[in-house]
Protein chains: 2
Amino acid sequence: MNHDMIIRITRYYRILNRLRSLGLEKVFAHNLADAAGVSAAIVRKDFSLLEIYGQKRGGYDILFLIAALGKILGKTDEPQNIIIVGCGRIGRALMHYNGFEPDGIRIIAGFDTDPLVYSENVHPVPIYPMSRLEEVVSSHQVDVAILTVPESATSDSFQRLMNAGIKGVLNFSPITLKPVADAEGLKPVIHNVNIALELEQIFYELQFPKT
Amino acid sequence: MNHDMIIRITRYYRILNRLRSLGLEKVFAHNLADAAGVSAAIVRKDFSLLEIYGQKRGGYDILFLIAALGKILGKTDEPQNIIIVGCGRIGRALMHYNGFEPDGIRIIAGFDTDPLVYSENVHPVPIYPMSRLEEVVSSHQVDVAILTVPESATSDSFQRLMNAGIKGVLNFSPITLKPVADAEGLKPVIHNVNIALELEQIFYELQFPKT
DNA sequence: TCGTTTATGTGAATCATTATACAATAAAAA
DNA sequence: TTTTTATTGTATAATGATTCACATAAACGA
Ligand SMILES: NC(=O)c1ccc[n+]([C@@H]2O[C@H](COP(=O)([O-])OP(=O)(O)OC[C@H]3O[C@@H](n4cnc5c(N)ncnc54)[C@H](O)[C@@H]3O)[C@@H](O)[C@H]2O)c1
Ligand SMILES: NC(=O)c1ccc[n+]([C@@H]2O[C@H](COP(=O)([O-])OP(=O)(O)OC[C@H]3O[C@@H](n4cnc5c(N)ncnc54)[C@H](O)[C@@H]3O)[C@@H](O)[C@H]2O)c1
């Protein structure tokens with residue numbers, strides 16, 4: 001399964017949950033396609049490759065699809081624990097965001113180097129000094145961290161996360177982090193969110209519209 | 001030029017600016033490739049397609065490349081004005097971010113429906129009530145808006161932006177906005193940033209590593 | 001009951017992207 | 001000066017993704 005396909009699958013999964021909550025039971029390939037912004041052919045192809053089958057003329061059963069896709073996406077009943085490293089403006093906005101819970105993602109702690117930040121007690125989750133990183137990561141079985149430290153601290157913090165046993169990072173700094181294989185040849189999974197880059201792409205596309 | 005290529009070009013552009021500020025004058029395809037996380041062949045292919053040429057065995061002239069790519073990316077001396085609609089936690093974090101200026105992007109105003117938010121006077125840029133949207137957009141020639149309103153307000157706010165003449169939107173809500181052609185057949189450029197989706201993809205990739 | 005309609009499932013065709021391979025060329029070394 | 005080396009530029013091959021097209025099956029309607 002390729003990267004684009006994973007994105008589509010996660011999209012389908014969300015859309016299906018929405019459709020279910022609206023009380024629907026069946027969905028056609030072209031409905032899903034419209035909602036996900038892809039072609040109906042590719043929806044059918046995706047499901048075909050995943051060996052998920054519908055009923056001829058009847059479409060696909062939503063509950064069945066949700067179960068099948070959930071399994072593929074590794075959805076469990078237990079939420080996934082994550083941490084936030086760098087509790088500045090962006091980090092704290094993420095901490096207060098309540099849109100992760102429905103997706104089974106739970107922020108269990110923040111980390112910061114600034115005592116003014118980590119000694120405050122008014123956060124939705126505790127903020128610890130960086131010295132407690134390893135302890136919290138291992139005791140709560142945290143695999144994934146959101147990295148929202150200043151640009152200058154990005155590489156060091158990333159290294160620190162790797163050493164603490166973190167396996168996946170969502171990086172908000174404009175420094176593009178790249179996965180480097182560890183001693184056992186395992187590469188961390190890194191996604192870089194670069195907001196300025198997104199804006200630049202929009203400007204580009206406005207200036208040179210396709211067709 | 002396709003979408004992936006635009007992303008690469010914006011990457012090259014940033015990297016080149018960094019290299020220049022380090023005092024370098026020449027760069028080889030494989031240096032850029034390493035920094036951008038792509039293969040050297042694709043760097044050469046990209047430049048070849050863009051009709052940007054280097055010196056055999058001498059690599060590419062950094063200043064020349066920056067000029068050429070800047071032109072392609074529509075870089076001007078004037079910064080691009082943008083606005084932020086929905087000045088909550090995320091919106092305000094973006095307002096305070098000073099990493100846009102170096103990229104020629106300037107946030108000129110925020111908009112919100114909540115009088116408690118727009119009457120405060122402590123922001124880096126003014127926050128106006130939504131009623132002043134059209135006026136500010138047209139008087140400052142704003143083409144692009146960042147949309148950071150709650151999920152429930154997303155579609156309405158988006159429509160409002162379209163009516164006000166906004167042509168590009170960076171949307172942070174989990175509702176995926178889709179471009180719909182206007183009366184003249186022009187489609188807005190929309191980029192959706194979905195943080196929960198990014199996290200889900202990381203979990204997926206951790207569970208099913210490639211190769 | 002028997003055509004008609006509607007949607008799935010998938011092999012083949014098309015299209016797009018990336019990698020390979022190497023000739024061309026300029027710099028450096030001998 | 002000649003040879004070696006390093007790097008570009010691109011033609012071609014390989015790979016991968018998407019769309020097309022249609023056989024297939026189920027539901028519907030007459
Ligand atoms: N704010 C935005 O809108 C925005 C937009 C795009 C990118 N970013 C990027 O996101 C990152 C965070 O931005 P921000 O605006 O929240 O910055 P911020 O300065 O508000 O917050 C950074 C936080 O990290 C902490 N910190 C510093 N060094 C640390 C270290 N070594 N380990 C742990 N914590 C450390 C600081 O104490 C601070 O609390 C930056 O890299 C920035 O470039 C931010
Ligand atoms: N905070 C996060 O970490 C995070 C993460 C992912 C996605 N998001 C999404 O980003 C968006 C903003 O999140 P947030 O945490 O900043 O929310 P928030 O509630 O802090 O801020 C929303 C702001 O929008 C204003 N608003 C409401 N309706 C409006 C309207 N019709 N027009 C203009 N302004 C309006 C509110 O007054 C408020 O100031 C949401 O859609 C959220 O789902 C946020």
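Naming: A, B, ... by sequence-line order, numbering from 1 per chain.
- If you find the closest nucleotide of DNA chain C to A:K45 and to A:V27, the one lying nearer the 5' end belongs to A:V27.
- A:F47 comes within contact range of no nucleotide atom at all, as no heavy-atom separation falls under 4.0 Å.
- In terms of phosphate contacts, B:S39 brings no side-chain nitrogen or oxygen within less than 4.0 Å of OP1 or OP2 of C:dT18.
- Counting only heavy atoms from C-beta outward, the side chains of B:T10 and A:Y204 never approach each other to under 4.5 Å.
- Note on ring orientation: taking the six-membered ring where Trp is involved, the planes of A:F28 and A:H30 are parallel (angle under 30°, cut-offs 30° and 60°).
- With A:N17 contributing its side chain and A:S21 its backbone, the two residues share no donor-acceptor pair below 3.5 Å.
- Within the 4.5 Å cutoff, the side chain of A:V189 has heavy atoms near those of the A:H191 side chain.
- Backbone-only contact: B:A29 has heavy atoms under 4.0 Å from sugar-phosphate atoms and none from a base.
- A donor-acceptor contact closer than 3.5 angstrom links the side chains of B:Y12 and B:D46.
- Put simply, CG on B:D46 is 8 Å from P on C:dT18, counting in whole angstrom units.
- Atom CD of residue B:E200 and atom CG of residue B:N194 lie 8.0 Å apart, to the nearest 0.5 angstrom.
- For the pair A:D112 (side chain) and A:C87 (backbone), a donor-acceptor distance under 3.5 Å is present.
- For the pair A:H3 NE2 and C:dT17 C1', the computed distance is 16 Å after rounding to whole Å.
- Ring-plane geometry between A:Y60 and A:F47 is classed as perpendicular, the angle between the planes exceeding 60 degrees on a 0 to 90 degree scale with a lower cut at 30.
- Here CZ of B:R160 is found 15.0 Å from OG of B:S155. Values are rounded to the nearest 0.5 Å.
- A sub-4.0 Å separation between OP1 or OP2 of C:dG9 and a side-chain N or O of A:Y60 is present.
- A straight line from CD1 of A:I42 to C1' of C:dT10 spans 14 Å, rounded to a whole angstrom.
- In the 5' to 3' direction, nucleotides of DNA chain D lying under 4.0 Å from heavy atoms of chain B begin and end at D:dT5 to D:dT12.
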Between the protein and nucleotides 22-30 of chain C, which nitrogen or oxygen pairs come in under 3.5 angstrom?
residue, atom, partner, partner atom, Å
C:dA27, N3, B:R57, NH1, 3.2

